[in-house]
Amino acid sequence: MRITTQMLNETAKRTGIPINRTSLLDYVNNDSSSSQNSLLDALKKNDKTSSSSVANYKKLEKAASALKEQADKLAETGEKSFWEKFKDSEDPQEVYAAVGDFVDSYNSTISNLKKSTGVLDQYYLAQLKDAAADYSEELGKIGITVGKDGMLSIDSKKLGEASVEEIQNALSKAASKTAFIADRISNNAQAGIESTSSQYNGAGSLVSQLASRYDFWG
């Protein structure tokens, strides 16, 4: 159906929109001068930004939570600790796997922190890098290298040549400090999810209301 200026003006009268010399049809078609379109565009853009932030925080929270869990295990001491089960093992593959999981979660957390512009996230990024750098000499003895970008890499051959006791001595202190920082990162990410989700839902509701208000044809 062809929409005419007269039809638009009749709609304008019914909705209480004032009619001036510029026809309503011209006004609707002129996106650049339409304040309501600009507002809707801005809110929709904010929706997309908020949605992306929530997704990033969720990835960070997941990575940091996994890192804390694995770091806690590697930081254990005593007779009932993770390490005690493998002290006399001739092929402690589970230990190597645990170290690999720790490194993977550490790198994932670092990577996700780098994507955040939050002040606290950048602070935690520096703290997490320092935790590894402080023990780089010990970690190097069992084949774990700390890169300039803060990421960890494993020399599987060198790790396999180290005894369980050597691996524990090299990792336990670094893991303990890492677990503490990872817990803070996880908590901050969870707070970010809740805060951003609240803003996102509010903006989404407002977009819906405004879109409905300016929908002359519905």
Side-chain angles (χ1 to χ4, degrees), residues 53 55-193:
S53 295
N56 289 338
Y57 273 127
K58 285 182 177 179
K59 290 178 182 178
L60 177 57
E61 196 276 332
K62 182 178 180 181
S65 293
L67 177 58
K68 182 186 183 306
E69 181 180 349
Q70 289 148 11
D72 278 336
K73 180 168 68 175
L74 298 182
E76 287 179 352
T77 58
E79 296 181 358
K80 296 183 179 180
S81 70
F82 165 78
W83 301 103
E84 286 299 318
K85 295 182 291 183
F86 306 101
K87 282 289 177 70
D88 299 321
S89 175
E90 295 182 0
D91 188 23
Q93 290 299 321
E94 192 172 335
V95 171
Y96 306 144
V99 174
D101 289 341
F102 169 79
V103 168
D104 286 345
S105 292
Y106 175 94
N107 288 342
S108 180
T109 302
I110 288 282
S111 179
N112 281 289
L113 282 171
K114 288 180 178 180
K115 296 175 183 177
S116 173
T117 57
V119 175
L120 267 179
D121 287 332
Q122 292 308 301
Y123 170 75
Y124 289 137
L125 173 60
Q127 291 293 306
L128 198 57
K129 287 182 177 180
D130 287 346
D134 288 345
Y135 299 98
S136 59
E137 185 176 347
E138 290 89 338
L139 295 174
K141 292 177 181 178
I142 61 171
I144 299 177
T145 301
V146 183
K148 292 182 179 180
D149 58 356
M151 306 289 268
L152 303 181
S153 59
I154 299 177
D155 181 335
S156 299
K157 182 179 179 181
K158 194 170 183 178
L159 178 64
E161 292 172 349
S163 68
V164 171
E165 187 175 2
E166 287 172 332
I167 297 173
Q168 180 184 10
N169 290 338
L171 269 176
S172 58
K173 291 182 180 179
S176 179
K177 188 173 182 179
T178 298
F180 177 83
I181 299 169
D183 184 49
R184 296 297 183 272
I185 295 170
S186 177
N187 290 338
N188 187 56
Q190 185 60 46
I193 292 171

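The figures that follow rest on heavy atoms only: side chains count, while hydrogens, waters and symmetry mates do not. By convention here, the first residue in the shown sequence is residue 1.
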S.K.: According to salt bridge (Lys or Arg N to Asp or Glu O under 4.0 Å), does anything in residues 76-87 pair up with another residue at least two apart or in another chain? List the pairs.
M.R.: Glu84-Lys87
S.K.: Could you name each residue pair satisfying ring-ring contact (aromatic ring centres under 6.0 Å, His included) that touches residues 56-85, not counting sequence neighbours?
M.R.: Phe82-Phe86
S.K.: Show the nearest heavy-atom pair for residues Ala175 and Leu74, with the distance to one decimal.
M.R.: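 So the two residues come closest at CB-CB, 3.9 Å.
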S.K.: Restricting to side-chain hydrogen bond (donor to acceptor under 3.5 Å, both in side chains), what partner residues turn up for Ser163, sequence neighbours left out?
M.R.: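 By the side-chain hydrogen bond (donor to acceptor under 3.5 Å, both in side chains) rule, Ser163 matches Glu166.
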S.K.: Tell me, which pairs form a salt bridge (Lys or Arg N to Asp or Glu O under 4.0 Å) where one or both residues lie in residues 57-71, sequence neighbours left out?
M.R.: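 For residues 57-71: Lys68-Asp72.
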S.K.: Listed by chain and number, what are the ring-ring contact (aromatic ring centres under 6.0 Å, His included) partners of Tyr96, not counting sequence neighbours?
M.R.: none
S.K.: Looking only at atom types and distance, does a side-chain atom of Thr109 sit under 3.5 Å from a main-chain N or O of Ser105, one as donor and one as acceptor?
M.R.: yes
S.K.: Determine whether a donor-acceptor pair (N or O, by modelled atom type, separation under 3.5 Å) exists between the side chain of Ser176 and the backbone of Ser172.
M.R.: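 Side chain of Ser176 to backbone of Ser172: no pair is present.
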S.K.: Walk me through it: do Gln122 and Val119 pass the test side chain to side chain contact (heavy atoms under 4.5 Å, CB included)?
M.R.: CA-CA 5 Å; Gln122 292 308 301; Val119 175; 5.9 Å; no
S.K.: Could you tell me which residues satisfy side-chain hydrogen bond (donor to acceptor under 3.5 Å, both in side chains) with Glu137, sequence neighbours excluded, listed by chain and number?
M.R.: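 With sequence neighbours excluded, Glu137 shows a side-chain hydrogen bond (donor to acceptor under 3.5 Å, both in side chains) to no residue whatsoever.
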S.K.: Show me the pairs that pass salt bridge (Lys or Arg N to Asp or Glu O under 4.0 Å) and involve residues 91-118, at least two apart or across chains.
M.R.: none
S.K.: Donor-acceptor pair, Asn107 side chain versus Leu152 backbone, under 3.5 Å?
M.R.: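 Pair found, side chain donor or acceptor close to backbone of Leu152.
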S.K.: Can you sort out the partners of Asp134 under side-chain hydrogen bond (donor to acceptor under 3.5 Å, both in side chains), two or more places apart, ordered by chain and number?
M.R.: Lys177
S.K.: Please enumerate all residues that pass side-chain hydrogen bond (donor to acceptor under 3.5 Å, both in side chains) together with Asp149, with sequence neighbours excluded.
M.R.: none
S.K.: Among residues at least two apart in sequence or on other chains, which ones pass ring-ring contact (aromatic ring centres under 6.0 Å, His included) with Tyr135?
M.R.: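 If we apply the ring-ring contact (aromatic ring centres under 6.0 Å, His included) test to Tyr135, skipping adjacent residues, there are no hits.
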S.K.: Going by the rule side-chain contact (heavy atoms from CB on, under 4.5 Å), which residues pair with Ser136 if we only count those two or more places apart in sequence or in a different chain?
M.R.: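 Once residues adjacent in sequence are excluded, the partners of Ser136 under the side-chain contact (heavy atoms from CB on, under 4.5 Å) criterion are Val146.
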S.K.: Ignoring hydrogens and angles, write down the donor-acceptor pairs under 3.5 Å from the side chains of residues 178-185, residues two or more places apart or on other chains.
M.R.:
| residue | atom | partner | partner atom | Å |
| --- | --- | --- | --- | --- |
| Thr178 | OG1 | Ala174 | O | 2.7 |

S.K.: Quiz question: by atom type and distance under 3.5 Å, do the side chains of Asn112 and Asn56 form a donor-acceptor pair?
M.R.: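 No donor-acceptor contact under 3.5 Å links the two side chains.
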